[in-house]
Amino acid sequence: MITYEQYLRFNPYFVQQEFEDPQQRQMFLKLFDKLPAKIKELLTSLQVTEKVMSAGVTFKLDDLDTEALSLIVRKLVSGEEFIGDGVALMVNETGLSSERARNLLGTVINEIFASAIEDVKKVQASRFPGKIGPVSASSPAKQTQIRQDPVTRNSMEPPQPANSNVINLRNRQN
Amino acid sequence: MGRPGSKNYLGYYLAIIFVIVLVLLPTHQARAAGWLEWGFEAIFANVIFIIFTVIGKVIGVLAVVLNWVIHIRVYPDGGVPVIDESWKIMRNFANMFFIIALIVMAFATIFDVMPGAAKYNVRSLFPRFLISALLINFSLVLGVLVIDASQILSNTFLTAIGDIGNRLGQDLNPSQLLPSKGDIPTSVAIDSAVFGTLVKLIFAVILLFTFLFSILTAVIFAFIRIPILWALLVVSPIAWILNVFPAGQNTYKKWWSLFIGWNAFLPIFLFFLYFGLYFLSNQGQVMQKIAAGLASAKPTSDLPFNFQLLFFYVLAAVFLIGGTIVAMKAALFSGTGVVGAAKWARGVALKTRLPYIGSYAAWQRGAQQKWQEMQKEGYGVGQYRFGGEKALETEALRRARMLGTKGAFEKGVETEKEKQKPFANNINELRRLAVSGSREQQLAARARLVELGDQNELSATKIKDTYRLAGGERSELANKILGSVDQSKLDEQTRKELSNWDVIQRNIELFKKNAMARIEKDKLTQSEIEQLVRQLASDTDRIEFLNKGAKKNFLEAAKAKASLRVPGVVTEEEARIMTPEQIEAREIRRAFDKITGDQILELEIDKIDKESGDYSIVMGQLNRIFADNPSRIEDIVRRANEETRSRLDEVIKTARGSRAASHQERLVKLQEKLNRAKEALPAVEQELRDIQNYPTSERFKQLQKQIESKQKNIEALEEKIERTQETIENIKAGRQVGGRQRQP
């Protein structure tokens, strides 16, 4: 069980709250109210906070970089940033190499976004219509794949890098 | 002891009977040897002969009489002078009663308060009065119509039957039942063996008497129905006038049941007579069948011919007697079957829907409803009405109010409310009445406007004005109106104004309602809360009041609890050993221990002076309860809405911002990271320079990207450092964190 301090520090909803520009924060709060319920839950969840912290440990990130990771999670999930720019964001904010950043993003998508992946796709598609095509309902086979392929904390080793800057949300391995 | 002189006549009677017997006895030769046997045979045979002869003659006569009677028309086309004249006398006599009826109605209407008088007043009797006054003059025609209808029905059967006397003579031949050697010789031996002559004779006699009484009854009833119907026709005007009065309605109904019953007698009797005769007329076929069956008859198993014949006659008798009985019942016990059937037929006729017009019953019911409405709303159409129960009630209430009757004014307002129902949602009309109508109209309209939530009516001035209009403090209605105002729907200023109004201050219940609404809806100071608590009547009310404050006045209510030493907050022992500050701190802590998610969201922390002690108390307590259970904050964030979210964000931000030391630590770490990033950059830049002659190589491109990323990372770190420094400065300066806008 994480502490109140850890929750406020690494939770995507509260992360860097005290350092954020007030106007940007207000914009985020307004945006938050309009988000689907599953994404709201994801952003405020204690469990997700634990997973962010766990990913930080796995990828040997210090507290400041783990905070940065949490902020990236918020921005991608709420549609503040385009998911295709996720790797670049990771690199800039954490100083990780692009390969490691890509692997970290893959882990985040598999581990953290999984519970609300369809809603994340919808949000991204609505915010960046030119960059992402219309969202189709995921096939049962894909859903089964998510269920059958759970990434446990122990299996959170960095996956092999892929040679693409574009993250395909439909391919959970990216 | 006989009657005086009866002995003198007895001798004459015996002499007459003796002479008749001598005349009727057949003459035979005297036989000395079998004198006794002859005597018995002669007596028996002659007695039987006499019986059959006499009854046969009587039946013949009765059949002729019956034929004559049933052909008599009760009311022939030219009329019956005795009836016509008698009816006129009765009608004139009955018309006099209309004057009496009018007088009775007038008295009953004037003295409506008398018990039972309501049944006789104009509203109750007038419709029937009008109908009776009209139809009484047609009562003879109506009666004759019914008689003619029954005559038409009877004629159908009379035509089918023909001459009843002849038909009965031809078809009804009970002498066949007598022992005879000529007609059916083969059966004699069997009959004698099985039943014997005597049995057959007894049956024949009984059957003969049955026919006799059946026809006799029919003759009597067919005859007496004529004077009875005449009498009923003559008294019909009296029956109609009795219909006007409630007490006479039963007699009127009885008249109709008798009249219809006696009219129904003949058609019913004729129907059964026709059926019986038809049955008897086909006896030839039955006889042949019976005779054909006798060829193979066995004395032990098959029924004898005469017994079958007997059964056939019994059946015919049952039809004749049954028909007579049914017809008698129709006449004597009228009101059962025949009248019921007549009512059913009338119901069907009335309910049948005619094209373009509709059914009579529908028109009748519609008219009844309209009549009831007129009785209630007043006579006339649309808004042009006069009279009616409502008008009477209004008038009565006005008089009652003039006489100072208790509750009359309240009733008047209620009546007015009913009257205003047609425009219960017309706010303009209600507003007009609320200021320009009568007192009752104004109050009724204002009550409705309050129900509709019209804010014009919910101002303190209007409420006070309405209260005065309704009669003020001594008026039950005024207090009722004031009590019905939902204090939670008023605005804060109105609630406060009403709280200071002497009327509310004096009325414990109203004051409590106002105080409860205030602490639940309005932001109050601790002293205001304490003042209200002191004015409440009981400890229970005080505790309830302070508990209600937990939503809007959380901290103030907790402090008031501690300050006023509300029962259950501080024991005597605690009060002795603890300082007021300690008691207050403990009460606040207790309150925060119980605080709900919604209450946290309702805490208007942004309105608390940050320099005040309250601010740090609230922040400290929130940090404590969140630290004890982090999942609470998760729950509260999800519950928050657009309005409360920003407030909550400020609360959390402020609570976190107070830890300036941790920010300093963060700043140091960021600086170290920045330094490391800056240190790593030159090495990469050097390598890039080393291979600058191979700009198309893969390594060159990788190094270019690396440098670009590291520069962006350095920029990001510098920005973070800048923001952290800003935050620290703001905390030190006591400003809102993140106050300076970041450069794009």
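What you see is a predicted model, and the numbers here were worked out from it, not measured in a lab. Atoms considered below: every heavy atom in the structure, side chains included; atoms not considered: hydrogens, waters and symmetry mates. Naming convention: chains lettered A, B, ... in sequence-line order (proteins, then strands); numbering from 1 in each chain.
Side chain to side chain, A:E80 and A:S78 meet the donor-acceptor criterion of an N or O pair below 3.5 Å. With 3.5 Å as the limit, one finds a donor-acceptor pair spanning the side chains of B:N547 and B:K561. Residues B:D649 and B:S646 have side chains that never bring a donor and an acceptor to within less than 3.5 angstrom of each other. Between the side chains of B:N623 and A:Y4, at least one donor N or O sits under 3.5 Å from an acceptor N or O. With no hydrogens or angles considered, a side-chain donor-acceptor pair links B:S631 and B:N629 at under 3.5 Å. There is a side-chain donor-acceptor pair under 3.5 Å between B:Q686 and B:D690.
Counting heavy atoms from C-beta outward, A:M90 and A:S97 have side chains that stay 4.5 Å or more apart.
Using a 4.5 Å cut-off between heavy atoms, A:T44 contacts chain B through both its backbone and its side chain. Heavy atoms closer than 4.5 Å to chain B are found nowhere in A:N11, neither backbone nor side chain. B:D635 does not touch chain A: none of its heavy atoms, backbone or side chain, sits under 4.5 Å away. Both the backbone and the side chain of B:A627 have a heavy atom closer than 4.5 Å to some heavy atom of chain A. The part of A:T94 that comes within reach of chain B is its backbone (N, CA, C, O), which places non-hydrogen atoms under 4.5 angstrom from that chain. Neither the backbone nor the side chain of A:L43 comes within less than 4.5 Å of any heavy atom in chain B. Residue A:F14 touches chain B through both its backbone and its side chain, counting heavy-atom pairs closer than 4.5 Å. B:K710 does not touch chain A: none of its heavy atoms, backbone or side chain, sits under 4.5 Å away. For a residue to count as touching a neighbouring chain, one of its non-hydrogen atoms must lie under 4.5 Å from one of that chain's; by this rule B:I714 does not touch chain A. For A:Q26, the part lying under 4.5 angstrom from a heavy atom of chain B is the side chain only.
A centroid separation of less than 6.0 Å is found between the aromatic rings of B:F554 and B:F592.
Side chain of A:D119 to backbone of A:K38: no donor-acceptor contact under 3.5 angstrom is found.
Per-residue counts of heavy-atom pairs under 4.5 Å with chain A were compared for B:I633, B:D628, B:L717; the largest is that of B:I633. Note: B:K673 leads B:E715, B:K673, B:R632 in heavy-atom pairs under 4.5 Å with chain A. With chain B as partner, the option from A:T3, A:V91, A:L64 having the largest number of non-hydrogen pairs under 4.5 angstrom is A:L64.
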